[in-house]
Amino acid sequence: MANQEEQFKKVVAHAKEYGYVVQSSEIYDGLSAVYDYSHNGVELKNNIREYWWKAMVQFHENIVGIDAAILMHPTTWKASGHVDAFNDPLIDNKDSKKRYRADVLIEDYAEKLLQKAQKEIEKAAQRFGEAFDEEQYKSTNPRVLGYLTERDQVLTRMAKSLENNDLADVKALIDELEITCPVSGSKNWTEVKQFNLMFGTKLGADAETAMDLYLRPETAQGIFVNFLNVQKSGRMKIPFGIAQTGKAFRNEIVARQFIFRMREFEQMEMQFFIRPGEQMKWYDIWKKRRMAWHLSLGMGAENYRFHKHEKLAHYADAASDIEFNFPFGFKELEGIHSRTDFDLSSHEKFSGKKLQFFDPELNESYVPYVIETSIGLDRMFLAIFSNSLMDETLEDQSVRTVLKLPAILAPVKAAILPLVKKDGLPEIAHQIIADLKFDFNVIYDDKDAIGRRYRRQDAVGTPFCITVDHQTLEDQTVTIRHRDSMEQNRVRIDALKNIIAQEVSISSWLKKMQEAL
Ligand code: GAP
């Protein structure tokens, strides 16, 4: 645990030092759970967004994109259920005065039970070696069985209480499980209360007539209210999807863990409109497709897992998260939700407009069902950034800090480094930049010894360093150093473009995604 915390602190410090992420309004001591992306961070974020957009919109003939406004008619949020049901159950500890989400406290307790069971299983696997049958052990070993059964019971009871809005029982569960405050260590809790997460604002200058608005808490509703516009203007036929990326705002109760849970964040969402009754087929297809997108980035299949929701949101008939192994453990990265016809039907009711599709094959009109994929761009950023940051001990026992970002996402693709600042080498380096900048984001660096420059680029995550030396003057060759292997080869200047393109072209990464399907 201490190790995890240390690793996470390193991630936050590295993000600041190397121009990725800083606290918003830092000179005024910052604004809680609001962050700014610096010069490298904005590039990484743009690249993640572009890779998602290409994989969703460009890669699918039947998906198109939109960019809806952040401010929407307030009735939108009545229809979507957010005014009445977009609440988190909160609880305060009277000693530390800290506020928590009651469901998160219980889920953390359940996660510890799972970890205990897993430890027992790992120990047994070592003891029994090849002969170990994990399934049999799980179903017969009393200790493991005890942990797993208790976990199921706790989560099921919580889901039921939350569904019934029985907050007294959620509090009773916290008391019975003897959950303590991580800060004060005490069990001195308040009652559990509901708290609406939407930020309110006003439209209009006159205080009396101004209209109450909300900053959107999800981008999805901008897609639903545009369903008919897009279907008609794009002449789309079911099944089809609408994708969108953009800011969302939530007044989160527990906003910690850096950019994992923010008050202002960005979502990348896609609503896939289908025939009623076909939702389970499409739900499975989209679970597979989204996992393939993640795996194509090469961050290790062992770092992802699906988590089926016990407690379903008010709009869903099935839901799973793709969880990622963050420095603080497995947590939700993306949601795949079967949203039924809840949203479109509700907007029909509230707006009085028909939001239906005439299906020529069935010769009937219906309100389409929806499968949604929804991922937080900032959370994906954190997944990639934390997974890529590592300290490597080299052969000479020195340690290098390297950010092994997937090459396609790296902010800067190559640094061009003249060995010395004279003899015409800087001029050649600038000429290489002038040629490469049409295709790639590249930079020039002539400060410090070459070894230090390599280390600086390793820490920034630049996949290639290109060094111009005296031999370049004679034969038009340079050395190209690969960030991950640290291998160096001598290549002709006119070959550089192809070498870099091979590693960073989106099409080859999309092919990897298709292969994983
Ligand atoms: N339209 C469905 C929806 O918004 P959600 O599970 O509430 O579903 C989807 O959010 C994704 O948005 C999450 O999986 C997460 O990646 C991201 N997300 C949600 N709240 C966030 C927050 N406060 N900060 C950063 N990312 C967040």
Side-chain angles (χ1 to χ4, degrees), residues 21 24 31-35 37 45 48-49 52 68 70 72 76-77 79-82 85-88 101 103-104 107 195-199 214-225 241-272 283 286-287 290-291 293-294 304-324 326 328 330-340 342-344 346 370-386:
V21 184
S24 155
L31 188 61
S32 164
V34 186
Y35 291 89
Y37 288 84
K45 201 173 167 203
I48 299 170
R49 192 192 297 104
W52 180 87
I70 287 173
M72 301 182 68
T76 308
W77 307 111
S80 67
H82 283 82
F86 193 51
N87 300 317
D88 273 345
R101 269 176 58 176
D103 55 336
V104 171
E107 273 166 8
F195 175 78
N196 193 290
L197 300 183
M198 284 197 292
F199 278 107
Y214 296 105
L215 301 184
R216 67 180 177 197
E218 62 170 13
T219 57
Q221 298 304 323
I223 295 179
F224 290 121
V225 300
I242 305 178
Q244 161 161 243
T245 70
K247 287 273 172 128
F249 301 83
R250 295 182 189 178
N251 199 358
E252 296 283 359
I253 303 165
V254 186
R256 45 186 172 141
Q257 293 166 324
F258 194 37
I259 55 172
F260 181 81
R261 196 176 300 286
M262 304 156 89
R263 297 202 162 102
E264 173 180 341
F265 59 102
E266 194 164 334
Q267 287 187 315
M268 307 191 286
E269 299 201 297
M270 193 277 303
Q271 313 294 324
F272 200 70
Y283 172 65
W286 278 108
K287 274 172 67 185
R290 292 305 305 146
M291 187 57 105
W293 183 81
H294 286 285
Y304 297 89
R305 71 183 188 197
F306 279 111
H307 168 246
K308 195 165 171 273
H309 281 210
E310 308 288 340
K311 172 199 159 202
L312 288 172
H314 58 275
Y315 49 72
D317 71 355
S320 287
D321 295 334
I322 293 178
E323 292 188 338
F324 184 76
F326 287 96
F328 36 82
F330 274 94
K331 294 271 178 229
E332 174 185 346
L333 171 60
E334 169 157 10
I336 295 135
H337 312 124
S338 172
R339 290 182 79 125
T340 68
F342 172 85
D343 301 86
L344 288 181
S346 188
V370 170
I371 302 298
E372 165 183 77
T373 71
S374 174
I375 175 168
L377 175 50
D378 313 84
R379 219 173 258 193
M380 187 63 198
F381 184 112
L382 181 59
I384 292 166
F385 193 86
S386 56

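We count ligands from 1, going down the list as the structure has it; atoms in each ligand are counted the same way. Atom set for the values below is all heavy atoms of this structure, side chains included, hydrogens, waters and symmetry mates excluded.
For T373, the side-chain contact (heavy atoms from CB on, under 4.5 Å) criterion is met by M56, M270, W286, R290, E334, I336, not counting sequence neighbours. Residues satisfying the salt bridge (charged side-chain N to carboxylate O under 4.0 Å, His left out) test with D321, not counting sequence neighbours, are none.
Contacts between M380 and ligand 1 below 4.0 angstrom, taking non-hydrogen atoms only, are absent altogether. With a heavy-atom cut-off of 4.0 Å, R339 touches ligand 1 through its side chain alone. Contacts of R261 with ligand 1, taken as heavy-atom pairs under 4.0 Å, involve both backbone and side chain. Using a 4.0 Å cut-off between heavy atoms, R263 makes no contact with ligand 1 at all.
To the nearest 0.5 Å, the span separating CZ on R379 from CG on L333 amounts to 8.0 Å. We find the CH2-CZ distance between W77 and F86 to be 9.0 Å, quoted to the nearest 0.5 Å. Here the CG-CD1 distance, from D378 to I48, works out to 9.0 Å after rounding to the nearest 0.5 Å. Atom NE2 of H337 is separated from atom OG of S374 by 6.0 Å, given to the nearest 0.5 angstrom. Atom CZ of F324 and atom NE2 of H294 lie 9.5 Å apart (nearest 0.5 Å). Interatomic distance, CG of D88 versus CZ of R101, reported as 4.0 Å (0.5 Å rounding).
Nearest-residue assignment for atom 9 (C) of ligand 1 (options S374, G335, P217, A383; heavy-atom criterion): S374.
Taking any N or O of A220, backbone or side chain, none lies under 3.5 Å from an N or O belonging to ligand 1. Any N or O atom pair closer than 3.5 Å counts here, and M262 shares at least one such pair with ligand 1. Between Y315 and ligand 1, not a single N/O pair is under 3.5 Å apart.
Nearest non-hydrogen protein atom to atom 6 (O) of ligand 1 is E332 OE2, 3.2 Å. Of the protein's non-hydrogen atoms, the one nearest atom 12 (O) of ligand 1 is Q267 NE2, 3.4 Å. Closest to atom 19 (C) of ligand 1, if we only count protein heavy atoms, is R250 NH1, 3.5 Å. Closest protein heavy atom to atom 25 (C) of ligand 1: F260 O, 3.3 Å. Atom 8 (O) of ligand 1 has its closest protein heavy atom at H337 CE1, 3.7 Å. The protein heavy-atom contact nearest to atom 2 (C) of ligand 1 is E372 OE1, 3.0 Å. Nearest protein heavy-atom contact of atom 26 (N) of ligand 1 is F265 CD1, 3.5 Å.
Checking S320 against Y283 by side-chain atom types alone, a donor-acceptor pair falls below 3.5 Å. At a cut-off of 3.5 Å, with distance as the only test, a side-chain donor of E269 or T219 sits close to an acceptor on the other residue.
Residue contacts with ligand 1: L333 is included, with a non-hydrogen atom under 4.0 Å away. Under a 4.0 Å heavy-atom criterion, H309 is not in contact with ligand 1.
The ligand atoms of ligand 1 that sit less than 4.0 angstrom from a heavy atom of E334 are 14 (O). Ligand 1 places these atoms under 4.0 Å from at least one heavy atom of E269: 1 (N), 2 (C), 3 (C), 4 (O). The ligand atoms of ligand 1 that sit less than 4.0 angstrom from a heavy atom of E252 are 20 (N), 22 (C), 23 (N). Short contacts between ligand 1 and E218, defined as distances under 4.0 Å to a heavy atom of the residue, involve ligand atoms 1 (N), 2 (C), 3 (C), 4 (O). For ligand 1, the atoms lying closer than 4.0 Å to a non-hydrogen atom of G376 are 11 (C), 12 (O), 15 (C), 16 (O), 17 (C).
Cation-pi geometry between K331 and F326 is not met at under 6.0 angstrom from the ring centre and within 45 degrees of the axis.
The minimum heavy-atom distance linking G222 with A68 is given by the pair CA-CB, 3.9 Å.
Judged by distance alone, with hydrogens and angles left aside, the side-chain atoms of R263 form a donor-acceptor pair with the main-chain N or O of E252 at under 3.5 Å.
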